[in-house]
Amino acid sequence: MTVKLFSSRRRPMHLGPYPLERLARAQTPAHGHISGAAESLQLSDPENPLSLANSMQPYMDVVDNMRTGTSAKDEAPIPTDAEERARHMKAACYFLDAGMAAVCRIDGSMHLATPVENASLQQSRADTDQGKRAGPEQSVFTTQHTDMQVDKTTELAGHSHALIILVEYSRDPEPGEPGYEWLRNTQAQRAAVLAAEIAGVMTCYLRFLGFDARTHTATARELDFDRLLLASGLAESGGNGAGGISNPYLGTGFGTAAVSTTLTLAADKPLTSRGLRDQWRAHGPGWWFGFNGSRPGYAGRPYKNRSFHLGPFPMEKLKRVESTTTLIDADNIPRVPKRHNMFLRAAKGDLGEKTQYQVRRFVPKSPFSHATAPLMSARVPLQSGTPAGQTAPGTDDPGKNADAIKAALYYLGADMVGICELKNYAWYSHDSDGSPITPYHKYGIAILIDQGYETMEGASGDDWISGAQSMRGYLRAQLTGGIVSSHIRSLGYPARCHSSMDQDVLHIPIILEAGLGELSRIGELVLNPFVGPRFKSGVITTDMPLEPDKPVDFGLQDFCNQCNKCARECPCSAIPFGDKIMFNGYEMWKPDVEKCARYRITNPGGSACGRCMKTCPWNIEGVLKERPFLWAAMHLPFTRKWIAKLDDKIGNGRINPVKKWWWDLDTDDNGKVIPAKRSNARQLVFRQPIKPEEQKLACYPPDLAPAPDSDISGPDRNRGVEAYRKAIKPEIYRQGKATRH
Ligand code: SF4
Ligand code: SF4
């Protein structure tokens, strides 16, 4: 990632990363040469069986299969101001990682004479209609979301506006670099799939708000993208694109998707020709250096000066160590069933009826968070499948395979990737129905997705965007992990993607052992030096020969020893102020998972909680001025205490109102979207530290946790508190272990 010189703190979210506001605008609708060509983008590449694009088709099909659907009966109580609505919708697209987003009015000239249809999807539907066994890749067409049923209507009745989404190309993969054979000639496909995912979520969101909406993608649409781009000011005539149009900052290097809707939005104005003065404003020093926090011109395309397999952050500069910085006593870690997960316990009724009711609406509670769910549910069947009958030639070198996999994941949008050999304890012992799980793959590939600094800036951490922040990370981890696991299978190796929707592994030990961070005071949460604790994860497991990474040491254990900001700011005191303990064979600051889960599930002033992530001093933006502090925190132990104090002093962790773009919306018992009655808006609270011996925390080792298939089994809190109090200190555990040996 290119380090930015200027912070985006004063840049509202709806402006996006590129300085579109610098472009001169016309007052009249756009005119220009239009190709009128409307072909479906071919995703798979029959010429190159190694192409990553071959694994993208099913993911595009999922979006196209849900292009149409019914909307909520009642319109949500959203602002009536069309400008505010447009700002909100564009900001939501940027939150989902759009490169650019804009709005236009739809007129008759934008309708294609012949709609573009997704041939792969048509074939799958025909196969399904004929009862042919379509295989796992096609089984996505059984979705739980009945409101997303297929509707072949091509009319866009009442759709007056379109939201247009661009995803920029990265630089072209170069011959000889890791992953080249997989990535070459896939820019259009990659950008189309990423743009389609964003459009698919926005479509669901609009429907949950009670407005009709339809997704238009590179493979299926009724609208002419070139005309939409011109009308919305995302492109201008000129350039060598198919329609003779280009974007002032991206040229022709972008993919497009759109959402048409009945919701009235303020339209952006088309671009106009630029005189010298306008050109200076659009492409002068302000743009080049990114004066207002926009993406600087010098950054060029993503990965301009970096090999894909290294990823956007300089992880290669971290100190690597032979074992994790917190003790993991591999021989004494019991495998745990999914039934121990506190959210599953809540769903079973272990935490009482109120929590059981609330956990069912944990995701649906916020309509924007909910909007990610239909896509994610529909993609679950794609997470696993049968590998090709024989292994592809040239795939027996573990180092090359590891680099190629990292390159592919980073190319698709992962923020961090690491690989480890899977230990038995990384696998759940039993599924949620109580059936045993036998570990089935040798390697784990951990994928981290940044939840986004900008939105975190505008949030309290436990308000109405919190749930969507998590879902956004899970969504992209499932997409990247799903495509790459499918690709590995196509190369003849077993592989499975494990997402928050469906997984057989515990992510934390895999992330730790794959060298993506250290265990923090927050407890069951790994912290990475470049994105802090602000990420969500996905995992791929596989038997493809891979070279594992080593764990990292960047001084976090000492830093967390001298800082307790997360414990201080946690709304329910679930994070310990005291020292680490041993729990199930792990050395850790053990949080009170029951308290945390109860708060997140029943939070009346928001849709989840991630306040510990928000307030941690390692939650940084990534601008140049932070670099010396980051370096000092990693390399100069004596500075850590002062850096933690300084972080408070300059107000990091407070809410930046410029960045608040979302609406505070709740959902009532009937599924109707209503205004939130209450919204958490805490600044730093500076709660007095609780003496460790007075902080009542509970933990539930296996003998206090439910059996894999048990019915309701409420936690015995008194015994949990006692277990915490009696937990062995790591130093004593280490001594005992040394004596035993
Ligand atoms: Fe506390 Fe919220 Fe973090 Fe849970 S998620 S530990 S409740 S701050
Ligand atoms: Fe560690 Fe402080 Fe971050 Fe908590 S807030 S995880 S103690 S650095």
Side-chain angles (χ1 to χ4, degrees), residues 325-326 341-343 346 351 355 358 362 451 456 459-463 465-467 469-470 473 508 512 517-536 554-580 588-620 626 629-630 632-634 637 639-649 652-654 680 682 684-687 689-690 692 695-699:
T325 52
T326 43
N341 177 290
M342 216 33 103
F343 272 65
L351 305 186
T355 315
Q358 289 289 343
F362 184 66
Q451 292 188 80
M456 199 64 106
S460 70
D462 60 345
D463 50 21
I465 193 63
S466 184
Q469 286 179 290
S470 299
I508 290 175
L512 276 176
E518 292 186 54
L519 217 45
S520 69
R521 181 182 289 276
I522 299 169
E524 297 183 6
L525 202 139
V526 178
L527 191 151
N528 174 283
F530 303 108
V531 293
R534 194 190 62 216
F535 61 80
K536 287 288 180 267
F554 55 94
L556 186 71
Q557 301 313 300
D558 184 41
F559 196 104
C560 286
N561 261 328
Q562 310 200 40
C563 170
N564 61 20
K565 197 168 176 181
C566 51
R568 190 189 77 194
E569 297 295 326
C570 171
C572 61
S573 294
I575 300 173
F577 283 90
D579 294 331
K580 289 183 265 191
M588 66 192 314
W589 280 282
K590 175 70 185 147
D592 190 324
V593 185
E594 183 192 350
K595 273 189 187 176
C596 170
R598 280 187 193 277
Y599 181 75
R600 286 158 72 197
I601 294 168
T602 61
N603 176 5
S607 58
C609 180
R611 187 157 170 75
C612 41
M613 299 183 189
K614 152 84 185 181
T615 53
C616 174
W618 293 81
N619 171 33
I620 54 174
E626 294 165 342
F629 296 99
L630 186 60
M634 288 198 254
T639 62
R640 290 172 186 152
K641 189 173 167 189
W642 301 109
I643 289 173
K645 279 189 192 299
L646 182 68
D647 187 73
D648 265 344
K649 199 96 186 143
N652 283 351
R654 294 171 64 84
N680 295 325
R682 341 164 184 267
L684 291 176
V685 294
F686 295 103
R687 188 204 323 270
I690 305 172
Q695 190 178 19
K696 252 195 179 174
L697 298 170
C699 65

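Side chains are part of it too, since the values below use all heavy atoms of this structure and drop only hydrogens, waters and symmetry mates. Everything quoted here is computed from the prediction, not taken from an experiment. Note that ligands are numbered from 1 as they come in the structure, with each ligand's atoms numbered from 1 the same way.
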[X] (side chain) donor-acceptor with [Y] (main chain) under 3.5 angstrom:
| X | Y | value |
| --- | --- | --- |
| R521 | P576 | yes |
| R611 | C570 | no |
| R534 | N619 | no |

List ligand 2 atoms under 4.0 Å from [X], heavy atoms only on the residue side.
| X | answer |
| --- | --- |
| K565 | 5 (S) |
| F559 | 8 (S) |
| I522 | 6 (S) |
| W618 | 8 (S) |
| C563 | 2 (Fe), 5 (S), 7 (S), 8 (S) |

Assess, by modelled atom type and distance only, whether the side chains of [X] and [Y] contain a donor and an acceptor separated by less than 3.5 Å.
| X | Y | result |
| --- | --- | --- |
| D463 | N680 | no |
| N652 | D647 | yes |
| Q562 | D558 | yes |

**Request:** For K614 and S460, work out which heavy atoms get closest and say how close.
**Result:**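 Heavy atoms of K614 and S460 come nearest at CG-O, 3.8 Å.
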**Request:** Specify the closest pair of heavy atoms between L512 and G517, including all atoms of both residues, with the distance to one decimal.
**Result:** CD2-O, 3.5 Å
**Prompt:** Who's the nearest protein heavy-atom neighbour of atom 4 (Fe) of ligand 2, and how far?
**Reply:** C566 SG, 2.3 Å
**Prompt:** Where is the nearest protein heavy atom to atom 1 (Fe) of ligand 2: which residue, which atom, and how far?
**Reply:**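 The closest one turns out to be C560 SG, 2.4 Å.
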**Fill in**
From the list W618, F559, F530, side-chain contact (heavy atoms from CB on, under 4.5 Å) partner of F554 resolves to W618
**Request:** Please confirm if an N, O or S atom belonging to C616, backbone or side chain, lies less than 2.8 Å from atom 3 (Fe) of ligand 2.
**Result:** yes
**Request:** Under 2.8 Å from atom 2 (Fe) of ligand 1, how many protein N/O/S atoms do you get? Just the number, please.
**Result:** 1
**Request:** Establish, yes or no, whether a centroid distance under 6.0 Å links the rings of F362 and F343.
**Result:** yes
**Fill in**
A student checking ligand 1 against I575 at a 4.0 Å heavy-atom cut-off should list atoms 6 (S)
